[in-house]
Every structure is written in structure tokens, then in C-alpha cells.
Student: 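Dropping a structure here in C-alpha cells format, bear with me for questions.
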Amino acid sequence: FGSVLFGRSIAARVGVAVVVGSLFGIVEHATTYSTEPDTVYLFRTLFHTVTTVLSVSVYTMFESMGEDRMRWIAPSYSILLHFFYNTFVVLSAVIGIAMFDTQSTALPLVYGGAAILIATCLSVLVFLSKAVVVAIHRPLENLLSDFV
């Protein structure tokens, strides 16, 4: 949809990804986590924004390079970051409640901050070194292609 409106440039796609990721974070907060503190809400929205930007940037880079076999794994690092973020947040909540009878908001901020930093660094790599991005995605492509 964004490509039809704004073209296939990486700048246009990243702009659309920022809007989509932010809106997802806002909707998820309003429908599921409306009682969470504002700082966690901000991190959640920023997290969804940067992981969406990462997926779109990598996909667009692979597309421009003619790496058709690699395009389908473009969201792989975003998916892995999301999985580990959700897993650690749930584990820290269970441990916090079981051991201390309270749930800390500090740990999700640490996990969220780390995930945001990693996703941002990977997104910047798309613009600085396409060879590095291909090199870190190639093992995933080789591994996952055995299952498809």
C-alpha cells in the first residue's frame, strides 16, 4: 500500500514503517496494556517502530540487490528480538511475583532498551554496509531454507 502511494524507495518505505509500527504500538497499548506505566508504553511503541523499520529496510535492501531468496527472511531478526523481549518480560514478571510479590517495571525497560538498541544498530547497518547485512542473514537463510 505504501509503495503504491509513495514509491518503492527505501526512504518512503521507512516512513510508512514508522507510521505502521507506531500505530501498532499505540493500538496494542490501548487494547491490551492500558494500565501499564507511560514509560513502558513509550518503550513498547518505540520497540514496534524500530523492529518494523528494521524489517522493511532489510526487505527493501534485498529487493534492490536482486536477492530474491533472501527477501522472505527480512523480518527474521525483528521476529527474534520480539520473541526474546516477550519471553524475558514474562519470565521477569513470574520471577518477580513469585519471589518478591511484586512486578518490576525496570526489567522490561532494560530488555526494551536493549532490543531497541540492537534493532536500531541493525537498521543503520542496512545503510552503511549491505555486505554485512547479507552476511548476517545468510546463515539464517541457509538454516530456514531447509524447512521450506
Side-chain angles (χ1 to χ4, degrees), residues 1-95 103 105-148:
F1 185 74
S3 294
V4 171
L5 291 176
F6 305 109
R8 294 186 176 267
S9 75
I10 194 164
R13 287 180 175 182
V14 166
V16 172
V18 166
V19 171
V20 170
S22 298
L23 286 175
F24 182 85
I26 291 167
V27 170
E28 183 182 49
H29 167 75
T31 59
T32 311
Y33 304 103
S34 59
T35 60
E36 72 185 351
D38 289 342
T39 52
V40 177
Y41 165 50
L42 174 65
F43 268 74
R44 180 183 313 284
T45 302
L46 188 58
F47 172 76
H48 284 103
T49 301
V50 297
T51 54
T52 305
V53 167
L54 174 60
S55 295
V56 168
S57 300
V58 172
Y59 180 88
T60 303
M61 186 205 69
F62 287 154
E63 182 183 55
S64 71
M65 295 174 67
E67 287 280 356
D68 294 335
R69 287 182 39 112
M70 299 277 284
R71 285 191 296 178
W72 70 277
I73 64 160
S76 58
Y77 281 101
S78 294
I79 291 168
L80 288 171
L81 284 171
H82 206 134
F83 170 78
F84 285 113
Y85 173 77
N86 288 345
T87 301
F88 290 137
V89 168
V90 170
L91 285 176
S92 68
V94 169
I95 292 168
Q103 185 176 349
T105 58
L107 287 176
L109 295 178
V110 170
Y111 300 143
I116 288 167
L117 179 65
I118 292 168
T120 301
C121 289
L122 289 171
S123 296
V124 169
L125 270 177
V126 170
F127 298 101
L128 296 180
S129 178
K130 292 179 181 181
V132 171
V133 176
V134 170
I136 63 175
H137 279 80
R138 186 71 67 193
L140 283 174
E141 191 269 334
N142 291 335
L143 174 73
L144 296 173
S145 66
D146 292 341
F147 297 107
V148 178

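Position 1 is the first residue of the sequence, and the numbers go up from there. Just so you know, these numbers use all the heavy atoms, side chains as well, and skip hydrogens, waters and symmetry mates. Everything numeric in this text was worked out from a predicted model, so none of it was measured.
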Student: What pairs meet the salt bridge (charged side-chain N to carboxylate O under 4.0 Å, His left out) rule with one or both residues in residues 118-129, with sequence neighbours excluded?
Tutor: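 Applying salt bridge (charged side-chain N to carboxylate O under 4.0 Å, His left out) to every pair that reaches into residues 118-129, excluding sequence neighbours, yields nothing.
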Student: Taking all atoms of both residues into account, what is the closest heavy-atom pair of S78 and S55, and its distance?
Tutor: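 Heavy-atom minimum between the residues: OG-OG, 3.0 Å.
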Student: Test: side-chain hydrogen bond (donor to acceptor under 3.5 Å, both in side chains). Region: residues 113-124. Which pairs qualify, not counting sequence neighbours?
Tutor: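 Checked against side-chain hydrogen bond (donor to acceptor under 3.5 Å, both in side chains) - neighbours excluded - no pair reaches residues 113-124.
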Student: Is there a donor-acceptor pair closer than 3.5 Å between any side-chain N or O of S22 and the backbone N or O of V19?
Tutor: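 Pair absent, no side-chain N/O of S22 close to backbone of V19.
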Student: To the closest 0.5 Å, what do you measure between CD1 (I118) and OH (Y85)?
Tutor: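 The CD1 atom of I118 sits 13.0 Å away from the OH atom of Y85.
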Student: Partners of I10 by side chain to side chain contact (heavy atoms under 4.5 Å, CB included), sequence neighbours excluded?
Tutor: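 So I10 forms a side chain to side chain contact (heavy atoms under 4.5 Å, CB included) with V14, S57, T60, V126, F127.
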Student: Check the pair F43 / I116 against side-chain contact (heavy atoms from CB on, under 4.5 Å), numbers first and verdict last.
Tutor: CA-CA 8 Å; F43 268 74; I116 288 167; 3.8 Å; yes
Student: Would you please name every residue forming a side chain to side chain contact (heavy atoms under 4.5 Å, CB included) with Y33, sequence neighbours left out?
Tutor: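 Listed in chain order: E28, H29, E36, R44.
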Student: So, the side chain of T45 versus the backbone of L42: is there a donor-acceptor pair under 3.5 Å, distance only?
Tutor: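 Absent.
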Student: Partners of R138 by side chain to side chain contact (heavy atoms under 4.5 Å, CB included), sequence neighbours excluded?
Tutor: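 Per chain and number, R138 pairs via side chain to side chain contact (heavy atoms under 4.5 Å, CB included) with E67, M70, V134, E141, N142.
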Student: Quick check for you: to the nearest 0.5 Å, what is the distance between F24 atom CZ and T51 atom OG1?
Tutor: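 These two atoms lie 9.0 Å from each other.
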Student: Shortest non-hydrogen contact from A119 to L81?
Tutor: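 So the minimum-distance heavy-atom pair works out to CB-CD1, 3.7 Å.
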Student: Of the non-hydrogen atoms in H82 and F47, which two are nearest, and what is the gap between them?
Tutor: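 Minimum heavy-atom contact is CA-CZ, 3.6 Å.
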Student: The test is side-chain contact (heavy atoms from CB on, under 4.5 Å); show your working for V40 and L109 and say whether it passes.
Tutor: CA-CA 6 Å; V40 177; L109 295 178; 4.1 Å; yes
Student: Answer yes or no: is there a side-chain heavy-atom contact under 4.5 Å between H137 and Y77?
Tutor: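 Counting from C-beta outward, H137 and Y77 do come under 4.5 Å.
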Student: Taking salt bridge (Lys or Arg N to Asp or Glu O under 4.0 Å) as the criterion, tell me which of R69, K130, R71 meets it with E63.
Tutor: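 Checked R69, K130, R71 against E63; only one passes salt bridge (Lys or Arg N to Asp or Glu O under 4.0 Å): R71.
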Student: I need the L122 CG to L117 CG distance, nearest 0.5 Å.
Tutor: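 Going from the CG atom of L122 to the CG atom of L117 covers 9.5 Å.
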Student: Taking side chain to side chain contact (heavy atoms under 4.5 Å, CB included) as the definition, give me every residue that meets it alongside S92, ordered by chain and number, with sequence neighbours left out.
Tutor: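 Side chain to side chain contact (heavy atoms under 4.5 Å, CB included) list for S92, sorted by chain: L107, Y111.
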Student: Give a yes or no answer on whether the side chain of T87 reaches the backbone of F83 with a donor-acceptor pair at less than 3.5 Å.
Tutor: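 Indeed, once roles are kept as given, a pair shorter than 3.5 Å links the two residues.
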Student: So does F88 have more than 12 non-hydrogen atoms from other groups sitting under 6.0 Å from CZ?
Tutor: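 Not more than 12 within 6.0 Å, no.
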Student: How long is the span from the OG1 atom in T49 to the CG atom in L54, to the nearest 0.5 Å?
Tutor: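 The distance works out to 12.5 Å.
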